[in-house]
Amino acid sequence: MNSFKQLTIIFLGVLFIACGTNTGQKKSDFKLNTNSKNKTFSNSETLILSIDNPKGHTIDSILYTLDGKKIQKSTPLINFKLGKQNIEVTVYFNNEHQSVVQNITILNSEVPKIYTYKIINEYPHDMTSYTQGLEFFNDTLYESTGQYKESKLRKVDYKSGKVLKNFNLADAYFGEGLTILNNKIYQLTWKKGTGFVYDVNTFKKIDSFKYGKSKEGWGLTHNKNIIYKSDGTEKIWLLNPDTLIEQENIQVYTNKGKIVGINEMEWVNGKIYANRYQKDGVAIINPKNGAVIGVIDFSPLKKLVTQHEGLDVLNGIAYNPKTNTVFVTGKRWDKLFEVEIIEN
């Protein structure tokens, strides 16, 4: 089986990109040209820009920006974020100026690598839990679960499956992802546009926060002083942990197109590992530019758990720094798997 077909079956289901377009700006005296007919580039390529000046204005200077950053007429794309990005060109002439804006799409230059896994241990997991978020803190597992009237926050002894602490969300909230930073648990809810902050030791709710441009809450993870939030699209938002304001985002793309449905996430050795909703695989994402650099095929795991009517998809990934291993489970799975990731 060729690698792209295998990627599609395991995980990707890529949404192929459409051609870039102008963004509905006011008509300008100038026209912006790029060196791609469909306005799509690999990040290994160089973007080359030119301006048509049909009215023959005497141009004083031209300012070029890409993704808000100043660029030259010829710019390598290797250090830019992937996805749909805006080129804006401002032309200064005759004591006035006009701007031209155009969208381009930047794809990754490399095909994602295929990874498999080796099961190291199997542990019991509550089969009634609709797992949405999973994370280790001080060698103890914390879990956020979903469904209305069933959502909860839990502290769990992962080896025995014993619930050490439990907090039930109000019936109106559908729990989603979680992450733990500075002795605080951050938990998302799905469609209410609201997240909660708890004391990690007492589970006392100490704050709440509203989402910004992201309309829904799906997954959370963090690295140092940045919280990463998924919203069910191809975007992963970067939040300030103090204000919880969405400061910017990356877009998850392969060499073919965007990947939507980014769900539960985990920070593992400098990369974001992410479930994709309704797919039994995990993407390994470069957090700097959004590139999918690898895919882990976890599809056989579902057959190893108790088969029952409520059994649902793989969801839940946690990295334990003490053991340097990854733990995965699913919605209403009765097992938690400790695995070693293997590159094919």
Side-chain angles (χ1 to χ4, degrees), residues 124-138 140-158 161-212 214-222 227-233 236-237 239 241-246 261-266 274-275 277-278 308 310-318 327-334 336:
H125 180 255
D126 183 358
M127 193 167 67
T128 69
S129 288
Y130 193 82
T131 305
Q132 299 288 70
L134 210 61
E135 188 163 300
F136 276 94
F137 180 72
N138 292 339
T140 303
L141 190 64
Y142 291 76
E143 183 172 8
S144 174
T145 75
Q147 293 295 341
Y148 294 110
K149 299 183 179 182
E150 297 181 26
S151 295
K152 52 191 174 284
L153 175 65
R154 281 184 165 178
K155 177 180 179 180
V156 181
D157 179 337
Y158 74 90
K162 181 181 179 181
V163 177
L164 304 176
K165 194 177 289 290
N166 184 88
F167 176 82
N168 293 326
L169 274 67
D171 289 351
Y173 291 102
F174 191 116
E176 287 284 348
L178 66 76
T179 196
I180 302 169
L181 177 64
N182 298 329
N183 293 312
K184 297 176 182 178
I185 302 173
Y186 299 84
Q187 183 187 35
L188 299 176
T189 66
W190 184 22
K191 290 189 173 182
K192 292 291 186 180
T194 301
F196 298 115
V197 185
Y198 308 84
D199 181 282
V200 72
N201 297 309
T202 65
F203 277 24
K204 179 182 178 181
K205 191 184 297 182
I206 56 179
D207 204 357
S208 64
F209 59 97
K210 294 293 183 182
Y211 307 158
S214 63
K215 302 303 181 185
E216 295 184 354
W218 284 48
L220 281 179
T221 189
H222 77 276
I227 292 177
Y228 295 83
K229 174 185 181 293
S230 64
D231 64 359
T233 68
I236 297 175
W237 299 85
L239 280 61
D242 297 321
T243 64
L244 297 170
I245 292 174
E246 297 163 359
I262 300 301
N263 200 2
E264 221 277 283
M265 301 185 297
E266 181 76 356
N275 291 118
Y277 185 56
Q278 297 292 353
H308 62 98
L311 186 68
D312 212 323
V313 295
L314 175 87
N315 199 46
I317 179 165
F327 292 69
V328 294
T329 188
K331 302 174 189 286
R332 307 198 195 282
W333 288 20
D334 65 350
L336 172 72

Between S144 and G175, the two heavy atoms sitting closest are OG-C, 4.2 Å
If you round to the nearest 0.5 Å, how far is NZ of K191 from OH of Y173? 15.5 Å
Over 12 non-hydrogen atoms of neighbours within 6.0 angstrom of NZ in K192: no
Mark yes or no: K205 above the aromatic ring of F167, with NZ or CZ under 6.0 Å from the six-membered ring centre and no more than 45 degrees from the axis. no
Side chains of L141 and L336: closer than 4.5 Å at any heavy-atom pair? yes
Determine whether a donor-acceptor pair (N or O, by modelled atom type, separation under 3.5 Å) exists between the side chain of E264 and the backbone of I317. yes
Hey, can you tell me if F203 and Y142 have their rings parallel, tilted or perpendicular (30° and 60° cut-offs)? tilted
Candidate pair S151 and Q132, rule side-chain contact (heavy atoms from CB on, under 4.5 Å), full reasoning: CA-CA 9 Å; S151 295; Q132 299 288 70; over 6 Å; no
Enter the distance from D334:CG to T329:OG1 here, rounded to the nearest 0.5 Å. 8.5 Å
Can you measure from CG (N166) to CZ (R154) and round to the nearest 0.5 angstrom? 5.0 Å
Verify, without hydrogens or angle tests, whether Y211 (side chain) and T194 (backbone) share a donor-acceptor contact under 3.5 angstrom. yes
How close do S208 and F196 get, heavy atom to heavy atom, and via which atoms? CB-CD2, 3.9 Å
Please examine the side chains of F174 and T189, heavy atoms only from C-beta on, and report whether any two atoms are closer than 4.5 Å. no
Within the distance-only criterion (no hydrogens, no angle test), does the side chain of E246 pair as donor or acceptor with the backbone N or O of W237 below 3.5 angstrom? no
In short, F136 meets A318 closest at the heavy-atom pair CD1-CB, 3.7 Å
Of all heavy-atom pairs linking T221 and M265, the shortest is CB-O, 3.8 Å
Are the side chains of T243 and F209 in contact, using a 4.5 Å heavy-atom criterion? no
How many angstroms lie between atom OH of Y186 and atom CG of L244, to the nearest 0.5 angstrom? 5.5 Å
Nearest atoms (heavy-atom pairs only) where S214 meets D231: CB-OD2, 3.5 Å
May I ask you to test the E143-T131 pair for a side-chain heavy-atom distance under 4.5 Å? yes
Does a side-chain heavy-atom distance below 4.5 Å link D126 with V163? no
Is the shortest side-chain heavy-atom distance between W333 and L314 below 4.5 Å? yes
Measure the CG-CG distance between L188 and L178 for me, rounded to the nearest 0.5 Å. 8.5 Å
Under a 4.5 Å cut-off applied to non-hydrogen side-chain atoms, are K229 and L220 in contact? yes
Within this structure, what is the NZ-CG distance for the pair K165 and D157, rounded to the nearest 0.5 Å? 14.5 Å
Does S230 reach the main-chain N or O of I262 with its side chain, forming a donor-acceptor pair under 3.5 Å? yes
Using the side-chain contact (heavy atoms from CB on, under 4.5 Å) definition, which of the options N183, T179, L181 pairs with F137? N183
Which pair of heavy atoms, one from L311 and one from R332, lies closest together, and at what distance? CD1-O, 3.6 Å
Centroid-to-centroid, Y277 to W218, below 6.0 Å? yes
K184 side chain near D207 side chain, heavy-atom distance below 4.5 Å: no
